[in-house]
Q: 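Got a structure for you, questions after.
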Amino acid sequence: AQKVTQAQTEISVVEKEDVTLDCVYETRDTTYYLFWYKQPPSGELVFLIRRNSFDEQNEISGRYSWNFQKSTSSFNFTITASQVVDSAVYFCALSETLQTDSWGKLQFGAGTQVVVTP
Amino acid sequence: DAGVTQSPTHLIKTRGQQVTLRCSPISGHKSVSWYQQVLGQGPQFIFQYYEKEERGRGNFPDRFSARQFPNYSSELNVNALLLGDSALYLCASSLRGGTSGNYEQYFGPGTRLTVT
């Protein structure tokens with residue numbers, strides 16, 4: 001079963017528009033971690049944020065903000081005033097703590113392609 | 001400080017051949033994880049190694065194997081290559097092993113493997 005669902009395959013926006021990426025996850029663990037990674041055309045995954053399941057406080061970092069809602073199992077990501085350099089594939093990932101045979105396993109969603117045009 | 005490095009950048013192999021991919025973690029990091037990313041999909045976990053021991057394994061056949069060396073670098077080996085093994089292979093390093101949520105994983109640029 002898919003643990004992390006990113007329903008949006010591609011989002012296209014014009015520069016300076018806001019864009020929100022949805023992430024819905026599924027786990028039976030009470031302690032887990034959620035991540036967002038950015039993958040530009042170069043291919044390297046760039047770490048953006050980690051959130052543990054006990055910290056539901058929203059976070060803002062520059063033009064990036066994250067909304068974690070445990071009640072709906074969602075961890076959404078918003079880019080404010082988008083720029084062309086934000087064009088990339090963005091992945092949401094889940095790490096569960098009760099997995100005894102797969103330490104270190106990040107479970108990724110399928111990713112959302114963000115295209116920002118000037 | 002240098003990030004995670006991987007070699008080679010690109011590789012073309014024929015079905016049935018064997019391939020070895022290499023990864024050097026960030027200095028001070030003792031754990032290496034390997035992921036396979038097929039075009040258009042998210043990365044899939046293959047292995048985690050910590051202190052030279054396999055600590056985690058994903059749902060991949062025995063044709064996939066890996067090892068970690070005393071300097072914490074790692075190699076991923078794939079035997080009897082299939083067309084479906086064509087993918088970007090990503091290596092990630094973290095300070096320590098164990099549940100990945102405790103220690104952030106930093107990824108290298110990947111090795112693009114094409115099997116013909």
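Computed over heavy atoms, backbone and side chain alike; hydrogens, waters and symmetry mates excluded. Every chain is numbered from 1, with letters handed out A, B, ... down the list of sequences.
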Q: When hydrophobic residues are tied together by side-chain contacts of less than 4.5 Å, even through go-betweens, does A/Phe77 share a cluster with A/Val19?
A: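 A/Phe77 clusters together with A/Val19.
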Q: How many angstroms lie between CZ in A/Phe108 and CD in B/Gln37, if you round to the nearest 0.5 Å?
A: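 Going from CZ on A/Phe108 over to CD on B/Gln37, the span is 8.0 Å.
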Q: Considering only heavy atoms, which portion of A/Gln39 lies under 4.5 Å from any heavy atom of chain B: side chain, backbone, both, or neither?
A: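 The side chain, not the backbone.
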Q: OH of B/Tyr35 to CG of A/Leu45: how many Å apart, nearest 0.5 Å?
A: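 It is 9.5 Å, given to the nearest 0.5 Å.
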Q: Linking I/L/V/M/F/W/Y whenever their side-chain heavy atoms sit closer than 4.5 Å, directly or via other members, would B/Phe60 and B/Leu83 fall into one cluster?
A: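 Same cluster: B/Phe60 reaches B/Leu83 through Ile, Leu, Val, Met, Phe, Trp or Tyr contacts under 4.5 Å.
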Q: For residues A/Phe91 and B/Pro43, report the shortest heavy-atom separation together with the two atoms involved.
A: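 Nearest heavy atoms, A/Phe91 then B/Pro43: CE2-CD, 4.1 Å.
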Q: Heavy-atom count around B/Asn59 CG within 6.0 Å, excluding the residue itself: above 12?
A: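 No, not enclosed.
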Q: As an exercise, state the distance from NZ of A/Lys105 to CD of B/Gln105, rounded to the nearest 0.5 Å.
A: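 Here the interatomic distance stands at 12.5 Å.
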Q: Please flag which part of A/Tyr37 lies under 4.5 Å from any non-hydrogen atom of chain B: side chain, backbone, both or neither.
A: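 Just the side chain, heavy atoms under 4.5 Å.
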Q: Could you give the distance from OH (A/Tyr33) to CD (B/Glu104), rounded to the nearest 0.5 Å?
A: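 Result: 10.5 Å between the selected atoms.
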Q: Does one hydrophobic cluster hold both B/Trp34 and B/Leu113, with members joined at side-chain heavy-atom distances below 4.5 Å?
A: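 B/Trp34 and B/Leu113: one cluster.
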Q: Following the transitive rule for hydrophobic clusters with a side-chain heavy-atom cut-off under 4.5 Å over Ile, Leu, Val, Met, Phe, Trp and Tyr, establish whether A/Val24 and A/Leu21 coincide in one cluster.
A: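 Different clusters.
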Q: Identify the heavy atoms of A/Leu106 and B/Phe45 that sit nearest to each other, and give their distance.
A: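 Heavy-atom minimum between the residues: O-CB, 4.3 Å.
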Q: Indicate if A/Leu34 and A/Ile49 have the same hydrophobic cluster label, given that clusters are the connected sets of ILVMFWY residues with side-chain heavy-atom separations under 4.5 angstrom.
A: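 Yes, one cluster joins them.
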